[in-house]
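Notes follow once the structure below has been shown.
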Amino acid sequence: MAQSKLWTKAPTWIVYLVGFLPAAYLIYGVVTNTLGPDPIKVLENNLGERALQFLLIGLAISPLMRFAKINLVKYRRAIGLIAFFYVFMHLLVYTVLDRQLDVSAIIDDIWKRPYITIGMSAFLLLTPLALTSNNYSIRKLGLAAWNKLHKVVYVAVVLGALHYMLLTKTWQVEPIVYFVLAILLVGSRKFYPKRKKPIKAEAQTTVQTA
């Protein structure tokens, strides 16, 4: 069954527009002072959750294409960069607003709090992926090396979901669902149907991670 072209008609800028709406809403909350008694914690938690949501959406693109013939590959770069934006802002709120750039306190947190150690590890893994999410990097690294590098996203998403689950410190349903989804989306790669066209031909349709 051929993949539907219906999903590729919307321009990519719409994905960016929709993706940044949650950030705009949070900024509005800061300006209007409507984020509650602990706005920093609200900012930190919301930005982190949005980051994880977009990472999971990005990870779901390949299974949707392989199993459901829904081709959203065109939007994978945008979704990945939006996800990293929220990861970076989440980290920025933690380091600047929460810890007020207290390096010793931040290092102490990384050393003593496993969920922060895991979260920082996920950020470090995602950074080179965001920096190389462009056509120049693909040409410079070569497609094979670029694809190999970007498979690190599988580890990063699982770590991000684990970070969120441990952060809550209780067995809440939502973090567990995110973690299970991350495991299932990564594990689904083991059950892909066989390709019907050469890798090089498919590679021309995407510049994002698998």
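Atoms considered below: every heavy atom in the structure, side chains included; atoms not considered: hydrogens, waters and symmetry mates.
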Side-chain donor-acceptor distances from residues 124-131 under 3.5 Å, at least two apart:
from: T127; atom 1: OG1; to: F123; atom 2: O; distance (Å): 2.8

task = Determine, step by step, whether I40 and Y94 satisfy the side chain to side chain contact (heavy atoms under 4.5 Å, CB included) criterion, reporting the C-alpha distance in whole Å, the side-chain angles of both residues, the deciding distance to 0.1 Å, and the verdict.
result = CA-CA 8 Å; I40 293 176; Y94 163 71; over 6 Å; no
- Task: Go through the steps to decide whether S62 and R76 satisfy the test side chain to side chain donor-acceptor pair (under 3.5 Å), and finish with yes or no.
- Result: CA-CA 9 Å; S62 285; R76 183 152 48 189; 2.7 Å; yes
Practice item. Carefully, step by step, assess N135 and R77 under the rule side chain to side chain donor-acceptor pair (under 3.5 Å). Key: CA-CA 11 Å; N135 293 334; R77 174 184 292 179; 2.9 Å; yes
key: Intermediate values then yes/no, side chain to side chain contact (heavy atoms under 4.5 Å, CB included), L26 and R50   = CA-CA 11 Å; L26 287 173; R50 295 296 171 267; 5.7 Å; no
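Put simply, CG on L64 and NZ on K69 are 12.0 Å apart, with the number rounded to the nearest 0.5 Å. The CZ atom of F67 sits 5.5 Å away from the OG atom of S188 when rounded to the nearest 0.5 Å. Taken to the nearest 0.5 Å, the CG atom of L43 stands 9.5 Å off from the CG atom of D38. With rounding to the nearest 0.5 Å, the separation of OG1 in T12 from CG in L17 is 12.5 Å. Interatomic distance, I79 CD1 to L59 CG, rounded to the nearest 0.5 Å: 11.0 Å. In this structure, CD1 in I82 is found 11.0 Å from CG in L55, a value given to the nearest 0.5 Å.
For the side-chain hydrogen bond (donor to acceptor under 3.5 Å, both in side chains) condition, the pairs that include at least one residue of residues 176-187, sequence neighbours left out, are E49-Y178, Q53-Y178, E174-Y178. Evaluation of the salt bridge (charged side-chain N to carboxylate O under 4.0 Å, His left out) test over residues 86-109, restricted to residues two or more places apart or in two chains, returns K41-D98, R99-D109, D108-K112, D109-R113. Residues in residues 23-51 take part in no ring-ring contact (aromatic ring centres under 6.0 Å, His included) pair, two or more places apart or across chains. Screening residues 12-31 for salt bridge (charged side-chain N to carboxylate O under 4.0 Å, His left out) gives no qualifying pairs among residues at least two apart or on separate chains.
With sequence neighbours excluded, no residue satisfies side-chain contact (heavy atoms from CB on, under 4.5 Å) with W111. Shown here are the side-chain contact (heavy atoms from CB on, under 4.5 Å) partners of L184, two or more places apart in sequence or in another chain: V180. F54 pairs by the ring pair (Phe, Tyr, Trp, His ring centres under 6.0 Å) definition with Y86, not counting sequence neighbours. In this structure, F88 has no ring pair (Phe, Tyr, Trp, His ring centres under 6.0 Å) partners at least two apart in sequence or on a different chain. In this structure, the side-chain contact (heavy atoms from CB on, under 4.5 Å) partners of I118, at least two apart in sequence or on a different chain, are L159, L162, H163, L166. F179 is linked by a ring pair (Phe, Tyr, Trp, His ring centres under 6.0 Å) to nothing, counting only residues two or more places apart in sequence or in another chain. Residues forming a side chain to side chain donor-acceptor pair (under 3.5 Å) with S121 (at least two apart in sequence, or on another chain): none.
Between Y115 and Y164, the ring center distance fails the sub-6.0 Å criterion.
Of the possible polar contacts, none joining the W146 side chain to the K140 backbone as a donor-acceptor pair under 3.5 Å is found. The closest donor-acceptor contact from the side chain of T95 to the backbone of L101 lies at 3.5 Å or more, if one exists at all. Put simply, the side chain of H90 gets close to the backbone of E44: a donor and an acceptor are under 3.5 Å apart.
Taking both residues in full, the closest heavy atoms of P63 and L185 are given as CG-CD2, 4.2 Å, listed atom of the first, atom of the second, then distance. Across every non-hydrogen atom of A122 and G160, the tightest pair is CB-N, 4.1 Å. The two residues A10 and K74 come nearest to each other via the heavy atoms O-NZ, 3.3 Å.
Linking Ile, Leu, Val, Met, Phe, Trp and Tyr residues whenever their side-chain heavy atoms come within less than 4.5 Å leaves V15 and L21 in two separate clusters. Linking Ile, Leu, Val, Met, Phe, Trp and Tyr whenever their side-chain heavy atoms come within less than 4.5 Å leaves I27 and L35 in two separate clusters.
When side chains are defined from C-beta on, P175 does not count as touching L167, because their heavy atoms never get closer than 4.5 Å. By the 4.5 Å heavy-atom criterion applied to side chains, M65 and I70 are not counted as neighbours. Within the 4.5 Å cutoff, side-chain heavy atoms of V18 are placed close to those of I14.
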